[in-house]
Amino acid sequence: MSSALVEALRAGLPADAVLTDPDVTSSYAHDMASFCDAGAPAVVVLPRTVEQVQHVMRTATALRVPVVPQGARTGLSGGANASDGCVVVSLVKMDRILEISPVDRIAVVEPGVVNATLSRAVAEHGLAYPPDPSSWEMCTIGGNIGTASGGLCCVKYGVTAEYVLGLDVVLADGRLLRTGRRTAKGVAGYDLTRLFVGSEGSLGIVVKAVLALKPRPPQQLVLAAEFASAAAACDAVCAVMAKGHLPSLLELMDRTTIRAVNSLAHMGLPETTEALLLAAFDTPDPAADLAAVGALCEAAGATQVVPAEDAAESALLLQARRLSLTALEAVKGTTMIDDVCVPRSRLGDLLVGVERIAEKYALTIGVCAHAGDGNTHPTVCFDAADPDESRRARESFDEIMALGLDLGGTITGEHGVGVLKKEWLARELGPVGVEMQRAVKAAFDPHHLLNPGKLF
């Protein structure tokens, strides 16, 4: 089968787009998640055109071979992990920005465009593409769409799903489906575009996206507030949102995360504090907004409030936040990064609960969070070479997810389900919900060839 598969693929692809060397294909086997099984792909293909993707899917359907679509593999749930004998379709070579329209405020891009590359390109036109995952210098738009990514600015500007207007998708049988629109409004038929966002490559392969853009906002200024407890920092978050403020960013780092960032990058963050809250505004008068938020932080118990004086100081603070996950990984060498989202009003309860879980399992668990929308990233640090510590890490991870559901939250706010959270998706959706999701999957992919073993 493998030789017939490779021969059939090469019939419609350039020779350098078909990779069969096991030493090379093994490097495409998995994303950045821990505790997620990955198989050995039979072949990796790197198409550059829509027609080449269609050829791959027609071949796979004819031979009944599973297909795993991939972007930059920066995912944290195993959603891009290969299965044994599959065709991995890496879309990183489809990396063209096809159009930027300042009038229509849209960008049309291929899936392999890197998030930061798009952001810089539209900025030259006075526009902004707001979704900005922490991995924005590496992650691709196709991967962002597949996992419905979020980012630091979601509290004001929303997540990826709110910016995807239309898609071109290659279906399992090779047909090309066009969904959505490039207009500001449109309600024709079922919203298939939104259905594909967050589907993790299980319904089709996105080969083009029409994305909404915003006018580029003024340069934001950032405020840093130190707190003697994580609970007090969460009280400040609730106060800021209850008063109707609309920060462009509202992020939280706990003591463990602060120390990890200092250890990695020597940034001089205040290690004596229990929690650091970062608030930013990109309004015409950000200093006034920061002053108002600073007062709320002090009322909630902040021990120190320091507004940045300029854009450079603001960027330094944000860099510290973006380094959080990398820094926590350096603590023990391996991490399990949770992605529990809870109502803002329960944010403090989650952080207190995570601290209790860390003590129970004798583990280092750092928390950084998109606090403004309740999306937290409890990060379990452990030594993968220690079987007992690995077991405790997995058990603590599950307990954190259970806590999130108990607090009225969801098991994932932006990282997706993939392999890591399959069991928990079933618990969150319930049997009827899972049945309907499987029915949708069967309608688009009746032979279950696309990203098998993911989601459910």
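The structure displayed is predicted, hence computed values, not measured ones. Numbers for residues simply follow the sequence, beginning at 1.
For the residue pair E399 and Y361, a side-chain donor N or O sits within less than 3.5 Å of a side-chain acceptor on the partner. Remark: the H30 side chain and the R73 side chain contain no N/O donor-acceptor pair separated by less than 3.5 Å. Side chains of D398 and W424: a donor on one and an acceptor on the other come within 3.5 Å. Checking D339 against T412 by side-chain atom types alone, a donor-acceptor pair falls below 3.5 Å. In the model, D282 has a side-chain atom that pairs as donor or acceptor with a side-chain atom of Y157 under 3.5 Å.
Closest of all the heavy-atom pairs between R96 and V113 is O-CG2, 3.4 Å. Residue G78 comes nearest to D31 through the heavy atom pair N-OD2, 3.0 Å, listed as atom of the first residue, atom of the second, then distance. The two atoms that bring S135 and T74 nearest to each other are OG-OG1, 3.8 Å, heavy atoms only. Considering every non-hydrogen atom in both A82 and V88, the closest pair reads CB-CG2, 4.0 Å. Nearest heavy atom pair, residue A184 against residue R181, reads O-NH2, 3.5 Å.
The environment of R105 atom CZ is sparse: at most 12 non-hydrogen atoms of other residues, nucleotides or ligands sit within 6.0 angstrom. R175 CZ: 12 or fewer foreign heavy atoms inside a 6.0 Å radius. Heavy atoms of other residues, nucleotides or ligands lying less than 6.0 angstrom from CD of E7 number 12 at most.
Atoms CG and CZ, from D386 and R391 in turn, are 9.5 Å apart once rounded to the nearest 0.5 Å. If you take CE on M94 and OG1 on T140, they are separated by 11.5 Å, rounding to the nearest 0.5 Å. Rounding to the nearest 0.5 Å gives a distance of 4.5 Å between CZ of R346 and CG of L407. Atom CZ of residue F397 and atom OG1 of residue T379 lie 10.0 Å apart, to the nearest 0.5 angstrom. Here the CG atom belonging to L213 is positioned 8.5 Å from the CG atom belonging to L165, to the nearest 0.5 angstrom. To the nearest 0.5 Å, the span separating CH2 on W136 from OG1 on T117 amounts to 9.0 Å.
Salt bridge status for D16 with K93: absent, with no side-chain N to carboxylate O gap under 4.0 Å. Using a cut-off of 4.0 Å between Lys/Arg side-chain N and Asp/Glu carboxylate O, R182 and E99 are scored as salt-bridged. With respect to K421 and E428, no salt bridge is recorded, no charged nitrogen being found less than 4.0 Å from a carboxylate O. Salt-bridge formation is detected for the pair R178/D168: a Lys NZ or Arg NE/NH1/NH2 atom is positioned less than 4.0 Å from an Asp or Glu carboxylate oxygen. Under the 4.0 Å criterion applied to side-chain N and carboxylate O atoms, E124 and R120 are not assigned as salt-bridge partners.
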Evaluate the criterion side-chain contact (heavy atoms from CB on, under 4.5 Å) for residue pair T256 and T364; output intermediate values, then yes/no. CA-CA 8 Å; T256 300; T364 297; 3.5 Å; yes

Report the C-alpha separation of L269 and M253 in whole Å, then their side-chain angles, then the decisive distance to 0.1 Å, and conclude whether the side-chain contact (heavy atoms from CB on, under 4.5 Å) test is met. CA-CA 11 Å; L269 298 176; M253 300 163 64; 4.0 Å; yes

Test I145 against V164 for side-chain contact (heavy atoms from CB on, under 4.5 Å), laying out the working first. CA-CA 8 Å; I145 292 170; V164 182; 4.0 Å; yes

Could you walk me through whether D132 and R322 satisfy the salt bridge (Lys or Arg N to Asp or Glu O under 4.0 Å) test, starting with their C-alpha distance in whole Å, then the side-chain angles of each, then the deciding distance to 0.1 Å, before giving a yes or no? CA-CA 10 Å; D132 63 340; R322 289 188 185 278; 3.2 Å; yes

Give the C-alpha distance, both sets of side-chain angles, the deciding distance and a yes or no for side chain to side chain donor-acceptor pair (under 3.5 Å) between Q220 and S248. CA-CA 8 Å; Q220 66 181 359; S248 55; 2.6 Å; yes

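V68 places none of its side-chain heavy atoms less than 4.5 Å from the side chain of Y28. In this structure, H370 and C154 have side chains that are not in contact, with every pair of non-hydrogen atoms separated by 4.5 Å or more. Counting only heavy atoms from C-beta outward, the side chains of E251 and C368 never approach each other to under 4.5 Å. Between V169 and V207 there is no side-chain heavy-atom pair separated by less than 4.5 Å. Taking 4.5 Å as the limit, every side-chain heavy atom of K214 sits out of range of all side-chain heavy atoms of L127. Contact check for L278 versus L249: side-chain heavy atoms found under the 4.5 Å cut-off.
Side-chain atoms of D173 do not come within 3.5 Å of backbone N or O of T61 as any donor-acceptor pair. Panel note: side chain T376, backbone P378; no donor-acceptor pair is recorded below 3.5 Å.
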Can you give me every donor-acceptor pair (side chain of residues 32-52, partner residue at least two apart or in another chain, under 3.5 Å) with its distance?
unit_1	atom_1	unit_2	atom_2	d
S34	OG	T335	O	2.7
T49	OG1	Q52	N	3.1
Q52	OE1	R48	N	2.8

Which atom pairs, one a donor and one an acceptor, fall under 3.5 Å between side chains of residues 194-202 and the rest of the protein, sequence neighbours left out?
unit_1	atom_1	unit_2	atom_2	d
S199	OG	F196	O	2.7
E200	OE1	G418	N	2.8
E200	OE2	V417	N	2.6
E200	OE2	G418	N	3.4
S202	OG	S199	O	2.6

